[in-house]
Amino acid sequence: MNIKKELETKSGIATGIYLNNIEIDPLTVRAIMINEVVPSDPSQDFYGAADAAYLDTTIPLFQMAGAEVTSIHDILELGIYITNAVKTPKSDYTIDKDSIESSLPCLEAELSLFPNVKVIMLMGDVAKKAFNMITKKASKKNAVPAISTYKLRNSELYYEGIRIMPSYIMTGGNILIEKSKVTMAAEDIAAMLEIIQMPYNK
């Protein structure tokens, strides 16, 4: 299945929306990681160039988590699909609510493509906000409580039987500055890997 074509069929083709133009078997995906926002240059996204900026931080996080990966293909082989909450590049330092809302139909359709998902990781506050907007529309309440990610890491959160794991942003030049958040994100990825590799999750 081509993700981009499938989403364009489901959600319509919107101007300025960046979608993952990759072929993938949706049945193999056990975990989804939702990052903040697409880069202004698609070649720097997760499925862009081999030396894409987004992979410069993502691959080391997986390696710190104990995964032997060197490419996005290796991550996909583990049953992990990575996407962005906001499908339009940001024009300011922060991401406003309108930008999140405009991408929600695509994100919601995207999440529905993968029937065997056991874990959804929310990498940063924007991903957390977007996911809560989706769940609130469906169930009238937020799936993720409005408390700090640091405190949420010790909670087991579920939505429709899927483990929801709030964590920290995994891309951008500033990520490596905050060493404690890098360490915690790697720990969260390690926990996710353990969950999806459990025998009863096959």
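- Considering every non-hydrogen atom in both I17 and S103, the closest pair reads CD1-OG, 4.2 Å.
- Among all heavy-atom pairs drawn from L104 and I134, the shortest one is CD2-CG1, 3.7 Å.
- D45 contributes no side-chain N or O that, together with a main-chain N or O of G48, makes up a donor-acceptor pair within less than 3.5 Å.
- Looking only at side-chain heavy atoms (C-beta outward), D51 and L55 stay at 4.5 Å or farther from each other.
- Residues I164 and I162 form a side-chain contact, since some pair of their non-hydrogen atoms from C-beta on lies under 4.5 Å apart.
- Contact check for E36 versus I95: side-chain heavy atoms found under the 4.5 Å cut-off.
- Closest heavy-atom contact between L76 and I24: CD2-CD1, 3.5 Å.
- Distance alone, capped at 3.5 Å, places no donor-acceptor pair between the N21 side chain and the K4 backbone.
- Listed for the E6 side chain is no donor-acceptor partner under 3.5 Å among the backbone atoms of L113.
- Between the CD1 atom in I120 and the CG atom in L157 there is a gap of 12.0 Å [rounded to 0.5 Å].
- Within the 4.5 Å cutoff, side-chain heavy atoms of I75 are placed close to those of T58.
- Within the 3.5 Å criterion, the main-chain N or O of T83 finds no donor-acceptor partner in the side chain of Y47.
- No side-chain donor-acceptor contact under 3.5 Å links S167 to the backbone of M123.
- Checking side-chain atoms of S139 against main-chain N and O of K141 turns up a donor-acceptor pair under 3.5 Å.
- Side-chain N or O atoms of T135 include one that pairs as donor or acceptor with a backbone N or O of A143 at under 3.5 Å.
- Between the side chains of T28 and D25, no donor N or O sits under 3.5 Å from an acceptor N or O.
- L193 approaches A67 most closely through the heavy-atom pair CD1-CB, 3.9 Å.
- Under the rule for a side chain to side chain donor-acceptor pair (under 3.5 Å), the partners of D41 that lie at least two apart in sequence or sit in another chain are S43.
- Contact of the V117 side chain with the Y81 side chain is not registered, since no non-hydrogen atoms from C-beta on lie closer than 4.5 Å.
- You'll find the side chain of M121 stays beyond 4.5 Å of the side chain of M170, heavy atoms only.
- Looking at K90 and S40, their side chains never come closer than 4.5 Å, going by heavy atoms from C-beta outward.
- The two residues M165 and D188 have their closest heavy-atom pair at CE-O, 3.4 Å.
- Side-chain N or O atoms of N132 include one that pairs as donor or acceptor with a backbone N or O of V144 at under 3.5 Å.
- Distance alone, capped at 3.5 Å, places no donor-acceptor pair between the N84 side chain and the K87 backbone.
- Contact detail for I82 and I72: the closest heavy-atom pair is CD1-CD1, 4.0 Å.
- Partners of Y54 under the ring-ring contact (aromatic ring centres under 6.0 Å, His included) rule, at least two apart in sequence or in another chain, are F46.
- Side-chain contact between R153 and E187 is present, with at least one heavy-atom pair separated by less than 4.5 Å.
- With sequence neighbours excluded, no residue forms a side chain to side chain donor-acceptor pair (under 3.5 Å) with N142.
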